[in-house]
S.K.: 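Once you've had a glance at the structure underneath, I'll fire off some questions.
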Amino acid sequence: MAKKNKKYDICVVGAGHVGLIAAVGFAKLGHKVICADNDKKKIEQLRRGKPVFYEPELQDLLKKVKGKNNLRFSNSLADAAKRSEVIFIAVGTPPLADGSADLASIESVARTIADNLNSYKLIVGKSTVPVQTGQKIKEVINRYKKNSVPFDIASNPEFLREGKAIYDFFHPDRIVLGVESKRAEKVLRDIYRDIKTKVIVTDIAAAEIIKHASNSFLATKISFVNAVARVCDKAGADIKSVAAAMGLDKRIGKSFLNAGVGFGGFCFPKDVEAFIYIAKRLGYEFDFLKEVRNVNIKQPGYFVEKIKEHLWILKNKKIAVLGLSFKPDTDDMRFSPAISIVNNLVKEGASLTLYDPQGIDEAKKVLKKSTKIKFAKDSYQAAKNCDCLCVLTEWEEFKKINLKKIKSNMNYPLLADGRNIFDKNKVTKLGFSYLGIGR
Ligand code: UDX
């Protein structure tokens, strides 16, 4: 009989935001983990103990688990698969032009596993995938395997947030296990045994839908509050008070009711899109979710219009932008509303000075080179001689900024607060003209 605290040989495929955190997390729980990725540069960097993206606590934890020999990195999925009993698939599923997820990497991983099925394996989907992907993985492995070695498939969706990923890994609200066999359930329960939270066991299809439905619901809350903010702007009401009072109703809850320039990142925009696509493929036109997407797409443009309304002409105006990542505590620029606002402002002919606490290198990669864009070393340098200070990501350091000092260096004191982080009355008293979202 297996020991209660059995430790497993685990392979995590993919060293991105989901895979790397899971690999480090499983290693910390005492399992022997190989994290496999076909990007040689990435693997070399990780072998040197350097994370490939910014995430609080990751560097320290990586060092610790490597020191205990619980985690190693490999370019060879074939080798890693042979050495492991459990394989978590955490490769990217980027969006295709029609909104569907590109599952080519998942298929390729499934084929490599089929080629290397040397003993029983549990293959677990961790990437966000359309419902029925688990079944497809099973079909692919059955089609290409060269022997009759048994295997199981499962779905264990990941709910962690960037910037809080390590905390979320060890303190999830729930662990969802979509399984088809008692054996698979037992292995997964064993793996997570030291994490104290509710474990929900479902079939694989339900587990896959839980992930899409959860992300889409959170995105819905944000678009809903952003739509109400538009009404507040028209009515002269403050969305902050409206959302605070709404949030006190326990049935509504106060989280994800912050109005702003919209949701970004590699999950919400892509997952909402994919859910619309999956529903359609299954025969349901998810019009409701299309509107959630539409509200969000319009939000950055709406903010630029508000700035334009105030400054009238943006051509040759100097605008300082604080915050480029899609949210604080990450350098991730993917689908960041800030990037779309920067591009919009450049199109209008404004001259921009940009600052982000962690994201400047990543921003340089995604922004087109332009004589209209400069980068600053801090908020104060960015704000020098500008006609508008535009805050687009709610980093803690921006909340603590010395506004008096900032204002003394500005050409014209317009504060465009795209995340509603400042106290409108206070900043107005300091002499700023204030623009928020819905206030
Ligand atoms: C999200 C989910 O929260 C997580 O469970 C899932 O695993 C991955 O997707 P993440 O993308 O890291 O996580 O960021 P999250 O903190 O959820 O924020 C997403 C976006 O929504 C950010 O751009 C954020 O600024 C925006 N947001 C969030 C709002 O505009 N208002 C809010 O009230 C909350």
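What you see is a predicted model; the values in this text were computed from it and never measured. Atoms within a ligand are numbered from 1 in the order they appear, just like the ligands themselves.
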S.K.: When you compare ligand 1 with F159, is there at least one nitrogen or oxygen pair between them that comes in under 3.5 angstrom?
M.R.: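 Among all N and O atoms of F159, at least one is under 3.5 Å from an N or O of ligand 1.
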S.K.: Which residue owns the protein heavy atom closest to atom 11 (O) of ligand 1, what's the atom, and how far is it?
M.R.: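 Nearest neighbour among protein heavy atoms for atom 11 (O) of ligand 1, to 0.1 Å: F326 CE1, 3.5 Å.
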S.K.: Going by heavy atoms, is G264 under 4.0 Å from ligand 1?
M.R.: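 In this structure, G264 qualifies as a contact of ligand 1 - some heavy atom is under 4.0 Å.
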S.K.: Heavy-atom contacts under 4.0 Å between E158 and ligand 1: side chain, backbone, both, or neither?
M.R.: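 Backbone only; the side chain of E158 stays clear of ligand 1.
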S.K.: Short list, please: which atoms of ligand 1 are under 4.0 Å from a heavy atom of E162?
M.R.: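 Checking each atom against E162, I get 12 (O).
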S.K.: Is T393 close to F326 at the side-chain level, that is, under 4.5 Å between some pair of heavy atoms?
M.R.: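 No, too far: nothing below the 4.5 Å cut-off.
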S.K.: Starting from atom 18 (O) of ligand 1, which protein heavy atom do you reach first, and at what distance in Å?
M.R.: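 That would be K327 CD, 4.0 Å.
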S.K.: Are P95 and E273 packed together at the side-chain level, in the sense that at least one heavy-atom pair is separated by less than 4.5 angstrom?
M.R.: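 Heavy-atom side-chain distance check fails, nothing below 4.5 Å.
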S.K.: Which protein non-hydrogen atom lies closest to atom 28 (C) of ligand 1, naming both residue and atom, and how far is it?
M.R.: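 So the nearest neighbour among protein heavy atoms is I222 CD1, 3.5 Å.
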S.K.: Hey, does R419 sit under 4.0 Å from ligand 1 if you only count heavy atoms?
M.R.: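 Flag set, R419 near ligand 1.
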S.K.: Do the rings of F26 and H31 sit parallel, tilted or perpendicular, given the 30° and 60° boundaries?
M.R.: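 Plane angle over 60°, so perpendicular.
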S.K.: Check whether any N or O atom of G265, backbone or side chain, sits under 3.5 Å from an N or O atom of ligand 1, and answer yes or no.
M.R.: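 Between G265 and ligand 1 (N or O atoms, distance only) the closest approach is not under 3.5 Å.
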S.K.: Among protein heavy atoms, which lies nearest atom 9 (O) of ligand 1, and at what distance?
M.R.: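 Minimum-distance protein heavy atom for atom 9 (O) of ligand 1 reads C267 CB, 3.1 Å.
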S.K.: So I21 and I166, do their side chains get closer than 4.5 Å, heavy atoms only?
M.R.: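 In contact.
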S.K.: Between H212 and F275, how do the two ring planes meet: parallel, tilted or perpendicular, split at 30° and 60°?
M.R.: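 Rings of H212 and F275: parallel, under 30°.
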S.K.: To which protein heavy atom is atom 2 (C) of ligand 1 closest, and what is the distance rounded to 0.1 Å?
M.R.: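 So the nearest neighbour among protein heavy atoms is F268 CE2, 3.6 Å.
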S.K.: Please classify the L160 to ligand 1 contact at 4.0 Å (heavy-atom distances, strictly less than): side chain, backbone, both or neither.
M.R.: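 Looking at L160 and ligand 1, just backbone atoms fall under 4.0 Å.
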S.K.: Can you confirm if the NZ or CZ of K221 lies within 45° of the ring axis of F217 and under 6.0 Å from the centre of its six-membered ring?
M.R.: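 That pair does not qualify as a cation-pi contact.
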S.K.: Check ligand 1 against L257 and write out every atom of the ligand that is under 4.0 Å from a heavy-atom position of the residue.
M.R.: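 In order of numbering, the contacting atoms are 33 (O).
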S.K.: Name the closest protein heavy atom to atom 33 (O) of ligand 1, giving the residue it belongs to and the distance to 0.1 Å.
M.R.: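 Heavy-atom neighbour on the protein nearest atom 33 (O) of ligand 1: N258 N, 2.9 Å.
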S.K.: F266 ring centre to K270 NZ or CZ under 6.0 Å, with the angle to the axis within 45°?
M.R.: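 Output yes; distance and angle both within limits.
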S.K.: Within the 4.0 Å heavy-atom shell around R161, which atoms of ligand 1 are there?
M.R.: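 Answer for ligand 1: 3 (O), 12 (O), 13 (O).
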S.K.: Step by step, would you call N226 with Y302 a side-chain hydrogen bond (donor to acceptor under 3.5 Å, both in side chains)?
M.R.: CA-CA 11 Å; N226 281 335; Y302 175 62; over 6 Å; no
S.K.: With a 3.5 Å distance limit and no angle check, can you tell me whether D356 reaches the backbone of S325 through a side-chain donor-acceptor pair?
M.R.: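 Yes; at least one donor-acceptor contact below 3.5 Å.
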S.K.: When you measure from atom 34 (C) of ligand 1 to every protein heavy atom, which one gives the shortest distance, and what is it?
M.R.: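 The closest heavy atom on the protein side is F256 CD2, 3.4 Å.
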S.K.: How would you list, by chain and number, every residue that makes a side-chain hydrogen bond (donor to acceptor under 3.5 Å, both in side chains) with E396, sequence neighbours excluded?
M.R.: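 With sequence neighbours excluded, E396 shows a side-chain hydrogen bond (donor to acceptor under 3.5 Å, both in side chains) to K399, given in chain and number order.
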S.K.: Hey, are the side chains of L282 and V131 touching, using non-hydrogen atoms and a 4.5 Å cut-off?
M.R.: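 Result yes, sub-4.5 Å side-chain heavy-atom pair found.
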S.K.: Can you find a pair of side-chain heavy atoms, one from F170 and one from L29, that are under 4.5 Å apart?
M.R.: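 A side-chain contact exists here, since the closest heavy-atom pair is under 4.5 Å.
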S.K.: Under 4.0 Å, heavy atoms only, figure out whether ligand 1 is touched by the backbone of F266, its side chain, both or neither.
M.R.: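 Under 4.0 Å from ligand 1, F266 contributes no heavy atoms.
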S.K.: Return the closest protein heavy atom for atom 20 (C) of ligand 1 as residue, atom name and distance.
M.R.: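 Sorting protein heavy atoms by distance from atom 20 (C) of ligand 1 puts F263 CB, 3.6 Å first.
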S.K.: Examine P337 against ligand 1 and note whether any of their N/O atoms are separated by less than 3.5 Å.
M.R.: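 No: no nitrogen or oxygen of P337 is under 3.5 Å from one in ligand 1.
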S.K.: Is K211 in contact with ligand 1, taking contact as a heavy-atom separation below 4.0 Å?
M.R.: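 Under 4.0 Å: yes for K211.
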S.K.: Using a 4.0 Å heavy-atom cut-off, which part of N215 comes near ligand 1: side chain, backbone, both, or neither?
M.R.: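 It is the side chain that gets close, since no backbone atom is under 4.0 Å.
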S.K.: State whether E285 and K290 are salt-bridged, where the test is any N-O pair (Lys NZ or Arg NE/NH1/NH2 against Asp/Glu carboxylate O) under 4.0 Å.
M.R.: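 Yes, E285 and K290 are salt-bridged.
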